[in-house]
S.K.: 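What follows is a single structure, and I will ask about it in a moment.
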Amino acid sequence: MKSSLLLLEYFLKPHLKAKATHHRPVTISLILTIHIKTHLLPFLLPHFLSPAAAMFKPRAALLFFIFSLTAVNATVLFKEAPQFYNSPDCPSVFEGEEDGHRLCSDDGVHVAMTLDTAYIRGSMAAILSVLQHSPCPQNVIFHFVSSASANALSLHATISSSFPYLKFKIYPFDDVAVSRLISTSIRSALDCPLNYARSYLADLLPLCVRRVVYLDSDIILVDDIANLANTPLNDAVLAAPEYCNANFTAYFTPTFWSNPSLSLTFANRNPCYFNTGVMVIDLSRWRLGDFTAEIEEWMELQKRMRIYELGSLPPFMLVFAGNIVPVDHRWNQHGLGGDNFRGLCRDLHPGPVSLLHWSGKGKPWARVDANRPCPLDSLWVPYDLLQTPFSLDS
């Protein structure tokens with residue numbers, strides 16, 4: 001139902017006589033008050049209506065469709081965000097054609113995120129926060145990875161409706177292929193194949209994209225993302241905030257530590273825990289080192305020997321821990337989702353804040369909807385673009 005609504009809005013929006021501004025977002029509810037070119041309806045409605053509804057005349061069929069949506073109260077839409085403009089001193093971003101891809105500029109800030117219906121509300125808030133706090137928002141280029149089985153047209157329509165001027169592309173991810181490598185972890189949500197897409201960015205994104213900032217969907221930025229993207233990597237493949245006070249050994253099983261051929265993986269390294277929800281990645285070096293294959297080898301071993309318990313994180317640590325560029329903790333105030341088992345609220349870590357990360361079981365949008373928000377969830381709410389369902393009285 002949600003997909004049908006988004007698709008109907010996506011196709012009808014260009015044909016509405018009223019034009020939207022960021023003060024009045026165009027949504028499907030405006031169909032009730034704006035004249036629609038009726039000659040389009042016979043072509044559009046059969047794609048979205050049930051066979052029974054499609055038998056009505058165009059105007060009657062549209063009303064049938066709207067009444068059915070209202071009856072089930074299943075409408076979920078997002079508001080159109082304000083348009084953000086570059087400051088006068090921002091560099092010009094040239095959209096090249098290298099490798100046949102339009103979004104290839106080295107002068108832009110490339111951001112990669114996964115995109116799915118379960119976390120779309122968080123993704124929309126994250127995008128808004130990135131743009132709102134960037135002095136050069138028109139230079140930010142988004143690369144979204146979604147499941148190959150997802151409705152890419154619906155996802156594209158959702159992003160375009162709220163961010164009409166956003167530079168972005170959606171890349172399909174073969175989650176069926178990677179699912180054969182995934183072993184169960186302590187929380188079922190961590191076993192979602194799309195969680196492993198970050199390991200395949202070097203293969204999914206065009207070769208002309210040489211550096212990318214990877215962000216989870218449950219984050220909010222309150223600082224200029226260019227400051228994170230420009231982290232000097234030197235000879236390293238990636239940069240991320242490290243947490244060396246965490247018990248690193250707890251991320252791997254006794255089977256791993258009791259086997260010298262495995263535990264010696266960290267010999268001559270000073271490995272620390274790092275959260276893979278916020279990373280700066282040199283995709284060119286990643287490709288040269290073929291690190292995707294190395295991560296897959298550890299996942300295959302995990303299927304045979306059970307050497308860790310926690311989803312997609314341990315393979316990253318096996319390959320990179322002790323060899324990354326540490327980033328200031330302000331760029332990943334993580335753990336705000338609370339305790340995995342009891343759902344406890346968390347406080348911020350000491351120090352400044354540039355990025356808030358609701359990693360953990362609890363997500364701010366779910367707690368807000370349930371009227372059980374944690375105190376820090378109030379920092380997420382201003383970026384929530386969710387629009388309340390429309391009614392025929394609007």
Side-chain angles (χ1 to χ4, degrees), residues 105-114 126 129-130 133-134 136 139-143 145 195-205 207-246 248 251 265-266 268-292 294-295 298 310-335 349 351-357 359:
S105 173
D106 282 336
D107 296 319
V109 175
H110 293 270
V111 178
M113 300 175 66
T114 57
S129 73
V130 170
H133 294 282
S134 172
C136 305
N139 292 1
V140 182
I141 302 167
F142 283 88
H143 303 268
V145 180
N195 285 340
Y196 292 79
R198 70 198 79 188
S199 302
Y200 295 87
L201 294 176
D203 301 325
L204 293 168
L205 273 58
L207 292 176
C208 57
V209 179
R210 300 175 176 87
R211 175 184 287 223
V212 71
V213 178
Y214 174 81
L215 299 175
D216 274 350
S217 297
D218 50 1
I219 65 95
I220 289 296
L221 266 83
V222 292
D223 202 343
D224 180 8
I225 194 171
N227 294 332
L228 175 61
N230 293 331
T231 300
L233 290 176
N234 303 319
D235 294 327
V237 176
L238 65 85
E242 286 186 317
Y243 302 88
C244 295
N245 59 337
F248 186 81
Y251 291 93
T265 299
F266 295 112
N268 302 316
R269 291 158 64 178
N270 184 23
C272 295
Y273 162 76
F274 64 94
N275 183 281
T276 53
V278 179
M279 297 183 290
V280 182
I281 306 174
D282 187 320
L283 295 179
S284 297
R285 288 198 181 97
W286 182 296
R287 293 170 182 130
L288 287 174
D290 197 13
F291 290 111
T292 297
E294 191 171 339
I295 287 175
W298 283 113
L310 196 64
S312 62
L313 171 63
F316 255 88
M317 293 199 294
L318 284 163
V319 175
F320 296 111
N323 290 323
I324 75 171
V325 172
V327 175
D328 192 285
H329 289 180
R330 69 188 304 157
W331 287 105
N332 195 351
Q333 287 270 357
H334 70 291
H349 305 280
V353 179
S354 292
L355 184 149
L356 299 100
H357 187 186
S359 58

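Just so it is clear, the values below take in all heavy atoms, side chains as well, and ignore hydrogens, waters and symmetry mates. Note that the structure is a prediction, hence the values are computed from the model and not measured.
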S.K.: Give a yes or no on whether the backbone of Ser199 and the side-chain of Thr292 come within a donor-acceptor separation of less than 3.5 Å.
M.R.: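 Yes; at least one donor-acceptor contact below 3.5 Å.
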S.K.: Can you give me the closest heavy-atom contact between Trp286 and Ala202, atom names plus distance?
M.R.: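 Scanning both residues completely, I find the closest heavy atoms to be CD1-CB, 3.4 Å.
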S.K.: Give the minimum heavy-atom separation between Leu205 and Arg287, together with the two atoms involved.
M.R.: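 Smallest heavy-atom distance, with atoms named: O-NH2, 3.4 Å.
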S.K.: Given side chains that start at C-beta, do those of Leu238 and Phe316 come closer than 4.5 Å, heavy atoms only?
M.R.: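 With C-beta onward as the side chain, the pair touches.
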S.K.: Would you check if the distance from the ring center of Tyr273 to the ring center of Tyr251 is below 6.0 Å?
M.R.: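 Ring-ring flag for Tyr273/Tyr251: true, centres closer than 6.0 Å.
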S.K.: A side-chain contact here means heavy atoms from C-beta on lying under 4.5 Å apart; do His357 and Leu215 qualify?
M.R.: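 Answer no - side chains too far apart.
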S.K.: Just so I know, are the side chains of Met317 and Phe248 near enough to count as touching, which here means a heavy-atom distance under 4.5 Å?
M.R.: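 Counting from C-beta outward, Met317 and Phe248 do come under 4.5 Å.
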S.K.: Measuring centre to centre across the rings, with the benzene-like ring taken for any Trp, is Phe320 within less than 6.0 Å of Phe274?
M.R.: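 Not under 6.0 Å, so no.
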S.K.: Do the side chains of Leu221 and Trp331 get nearer than 4.5 Å, heavy atoms only?
M.R.: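 Side chain of Trp331 against side chain of Leu221, heavy atoms only: contact under 4.5 Å found.
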S.K.: Between Val222 and Leu356, is there a side-chain heavy-atom distance shorter than 4.5 Å?
M.R.: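 Side chain of Leu356 against side chain of Val222, heavy atoms only: contact under 4.5 Å found.
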S.K.: Answer whether the closest heavy-atom distance between the side chains of His110 and His143 falls below 4.5 Å.
M.R.: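 His110 reaches His143 side chain to side chain.
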S.K.: Looking at Val278 and Pro241, what are the two nearest heavy atoms and their distance?
M.R.: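 In terms of heavy atoms, the two residues are closest at O-CD, 4.0 Å.
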S.K.: Are any of the side-chain heavy atoms of Leu355 and Ile220 separated by less than 4.5 Å?
M.R.: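 SC-SC contact between Leu355 and Ile220 ruled out.
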S.K.: Any ion pair linking Arg210 and Asp282 (charged N to carboxylate O, less than 4.0 Å)?
M.R.: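 No salt bridge links Asp282 with Arg210.
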S.K.: What are the two closest non-hydrogen atoms of His349 and Gln333, and how far apart are they?
M.R.: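 Result for this residue pair: N-OE1, 2.7 Å.
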S.K.: Charged N to carboxylate O under 4.0 angstrom, Asp106 versus Arg211?
M.R.: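 Salt bridge flag = no for Arg211 with Asp106.
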S.K.: With distance as the sole criterion, is a donor-acceptor pair present between the side chains of His334 and Asn275 under 3.5 Å?
M.R.: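 Asn275 and His334 do not have a side-chain donor-acceptor pair below 3.5 Å.
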S.K.: Any idea which heavy atoms bring Ala321 and Cys272 closest together, and the distance?
M.R.: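 So the two residues come closest at CB-O, 3.9 Å.
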S.K.: Hey, can you pull the donor-acceptor pairs under 3.5 Å for the side chains in residues 223-230, sequence neighbours left out?
M.R.:
| from | atom 1 | to | atom 2 | distance (Å) |
| --- | --- | --- | --- | --- |
| Asp223 | OD2 | Ser354 | OG | 2.7 |
| Asp224 | OD1 | Ala226 | N | 3.0 |
| Asn230 | ND2 | Ala226 | O | 3.0 |

S.K.: Show which side-chain atoms of residues 322-329 pair as donor or acceptor with protein atoms under 3.5 Å away, not counting sequence neighbours.
M.R.:
| from | atom 1 | to | atom 2 | distance (Å) |
| --- | --- | --- | --- | --- |
| Asp328 | OD1 | Arg330 | N | 2.8 |
| His329 | NE2 | Glu242 | O | 2.5 |

